[in-house]
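Per chain, numbering begins at 1; letters A, B, ... match sequence-line order.
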Amino acid sequence: MLKRADFLRANNGMRVARPGFILLAHPNHEQGIRYGITVTKRIGNAVVRNRMKRRFRELLWANLPELGLPDHDHVLIGRETGIERDFARLQQELRRALEKLHRGEADPPRRRNASKPRQRRK
RNA sequence: CCAGGGGGCCGGGCAGUCGCGUCGGAGCGUUCGCGCUUCGCCGAGGAAAGUCCGGACUCCAUGAAACAAGGGUGGCGGGUAACGCCCGCCGGACCGUGGCCGACGCUGCGGUUCAGGGACAGUGCCACAGAAAGCAGACCGCCGAUGACGCGAGCCUUUUCAAGGACUUGGCGAACAGGCAAGGAUGAAAGGGUGCGGUAAGAGCGCACCGCGCGGGCAGUAAUGUACGCGGCAUGGCAAACCCCACCCGGAGCAAGGCCGAAUAGGGGCGGCGCGCCGCGAGGCAGGGAUGUUUCAUCCCGAGCACGCCCGGGUUGGCUGCUGGAGCGGGAAAGCGAUUUUUCGCCUAGAGGAAUGGCUGCCCCUCCCGUGGCAGGUCGCUAAGGCGAUACCGCAUGGCGAGGACAGAAUCCGGCUUACAGGCCCCCUGGCAUC
RNA sequence: UGGGGUGUGGCCAAGUGGUAAGGCACCGGUUUUUGGUAUCGGCAUUCGCAGGUUCGAUCCCUGCCACCCCAG
């Protein structure tokens, strides 16, 4: 995934949080299995972020072809607890997360402005 | 051997396996742009970082040069493509140590450090304190030579005592004029320092030594140094205050720059069809509408196109620039050195929302834990040989033990700065042991 | 890639060579039956850090660090 719009759309999809990362999945209209990685600046400097991206990429290459949802966009969002996390544990967590997605047991998408729901007066 | 300081270098190694990226080969497919599969080679750094200097390269501007503005640099010489970088030298300041008996000062050796042009071109600043902070002046103080004053003495006059004086002064006093700047006091800084002479008191006033300046001479490419002579100490500091002098600099940056570029929409030009009539046109006449009471007056409206051809631009995008270079590694020569010359060998990342990752084995280094008294230390016993103990140092050995920094190329190169676990080599200083 | 700015007490900040203003907050006293208000007093030795120039540096110079902004 390359375009910002794809990432924004994925934000409305299914969502599974794990200690090392957050996994998003969203159907993408016959585009095949695609993936994207988000590692924000709060995670660390460029070295840390790029290394996390490389390791996530390795995870996705290894597991998506078998366990990925067909015709879905998958987005991995890095968390601070995922820095230099043991690779085998990450792989285990990713497999569990993908299985949950297959069973449809994901959390609902996070709504915009969910923290301040509008209340009708009167 | 230990400790401290300085300089240079390395910055995990060897494999296996699954992946990723460029390139090359093969095969298949292809809308000929390329795509897929497979094999092979190669695939981050000393700082790739900060982006602080200097260049290469590209475009823009520009006759050349000079000047102005703005910015930068600043002992001298050399190195370099260039530099604010590097090397060597000179000079200053500070520290340690030795010498000149001591002090001041000078000097030898070693080390540290310096943005180190110009302060009689000009302007500005020097708080507080202090008499005075830049013109030299004089608060306390010193002196009282000289002049004046008072006393005394002398001398003269008046008839004695005594009084007086247009007189004199190797005496005394005060410090009025005046002389002085040694000493005190303030300060970061007070207009050379020490000593002797000298003087009323003093003072470069004189002399000696030191410092300073000037002159020509000598040495050196030069900065600068120096024996000699002369001067007279006259006019402090700050230019990382403005400034002056000398030298350097055109601007932008690979998102530079170049090439390609479909469809659709939109822009421009020409043509075609058309626009109530006349006119090249301004306009006039006619038509429709609105307002005010008809005529009439005023105001408004009335030509474009789903046509053809051509042109240029934009968005998304592709290709290029794009990695063989002030290149890397040996050897030789020149040079104190930075560096240069020459020769042999080598080809060593080119991504593009951005390739280097995952797992495993053996080895290396550090630490932790354990085992062994073990040819060394250490401790105890012993006359010695020796025996024993080992918390600690060392050694040997083991552990499915823990850890191995700072950090990731983005057009390329030379520097500077900053970050960094651990290790290696060389030099200097000091200590200990042995010879 | 290129350019600009900021850093001063817990907070907002002035100061641009010579004892670091002021406000809010905080602490203590007075006033009040108590609280608030009012009033008086106190609160800066790392002026982001390290060097240098100067007699003297928050201020001048150099190098770093952190944060913010702008342009393509």
Rounded to whole Å, how long is the line connecting atom [atom1] of [X] with atom [atom2] of [N]?
X: A/K53; N: B/G353; atom1: NZ; atom2: C1'; result: 7 Å
X: A/N50; N: B/A410; atom1: CG; atom2: C1'; result: 13 Å
X: A/W61; N: B/G358; atom1: CH2; atom2: C1'; result: 11 Å
X: A/R54; N: B/G353; atom1: CZ; atom2: P; result: 17 Å
X: A/L59; N: B/C359; atom1: CG; atom2: P; result: 10 Å
X: A/M52; N: B/G353; atom1: CE; atom2: P; result: 22 Å
X: A/L60; N: B/G357; atom1: CG; atom2: P; result: 17 Å
X: A/Y35; N: B/G357; atom1: OH; atom2: C1'; result: 12 Å

Using the [atom1] atom as the reference point in each nucleotide, state the distance between [N] and [M] in Å, no decimals.
N: B/C140; M: B/G152; atom1: C1'; result: 34 Å
N: C/A13; M: C/A25; atom1: C1'; result: 14 Å
N: B/A65; M: B/U51; atom1: C1'; result: 36 Å
N: C/C47; M: B/C365; atom1: P; result: 49 Å
N: B/A133; M: B/C128; atom1: P; result: 11 Å
N: B/C180; M: B/A175; atom1: C1'; result: 15 Å
N: C/A57; M: B/G423; atom1: C1'; result: 44 Å
N: B/G202; M: B/G178; atom1: C1'; result: 15 Å

Taking pairing as Watson-Crick or G-U wobble with both contacts under 3.5 Å, can you name the mate of [N], or confirm there isn't one?
N: B/U339; value: B/A334
N: B/C205; value: B/G197
N: B/U434; value: none
N: B/G29; value: B/C34
N: B/G385; value: none
N: B/U158; value: B/A162
N: C/C60; value: C/G52
N: B/C23; value: B/G40

Looking at the angle O4'-C1'-N9-C4 for a purine or O4'-C1'-N1-C2 for a pyrimidine, is [N] syn or anti, with syn meaning within 90° of 0?
N: B/U348; result: syn
N: B/A48; result: anti
N: B/G289; result: anti
N: B/G33; result: syn
N: B/G204; result: syn

With heavy-atom distances below 4.5 Å as the criterion, would you say the side chains of [X] and [Y] are in contact?
X: A/Y35; Y: A/F56; value: no
X: A/L76; Y: A/I22; value: no
X: A/H26; Y: A/V75; value: no
X: A/R18; Y: A/K100; value: yes

- Would you tell me if any nitrogen or oxygen in the side chain of A/R57 comes within less than 4.0 Å of OP1 or OP2 on B/A354? yes
- Message: Looking at the base of B/G358, is there any donor atom on it, or on the side chain of A/E58, that sits under 3.5 Å from an acceptor on the other one?
- Response: no
Set out, line by line, the N/O atom pairs under 3.5 Å between protein and nucleotides 35-37 of chain B.
none

Can you tell me if [X] uses its side chain to pair, donor with acceptor, with the backbone of [Y] under 3.5 Å?
X: A/R54; Y: A/R49; answer: no
X: A/H74; Y: A/I37; answer: no
X: A/H102; Y: A/L67; answer: yes

- Take A/F21 and A/R85 through the test side-chain contact (heavy atoms from CB on, under 4.5 Å) and record every step on the way to the result. CA-CA 10 Å; A/F21 54 83; A/R85 192 177 180 81; over 6 Å; no
- Output the distance between atom CG (A/L59) and atom CD (A/E93), rounded to the nearest 0.5 Å. 9.5 Å
- When rounded to the nearest 0.5 angstrom, what distance separates CG in A/L94 from CD in A/E99? 10.0 Å
- Message: Does A/R55 reach a base, just sugar-phosphate, or nothing at all? Heavy atoms under 4.0 Å.
- Response: sugar-phosphate
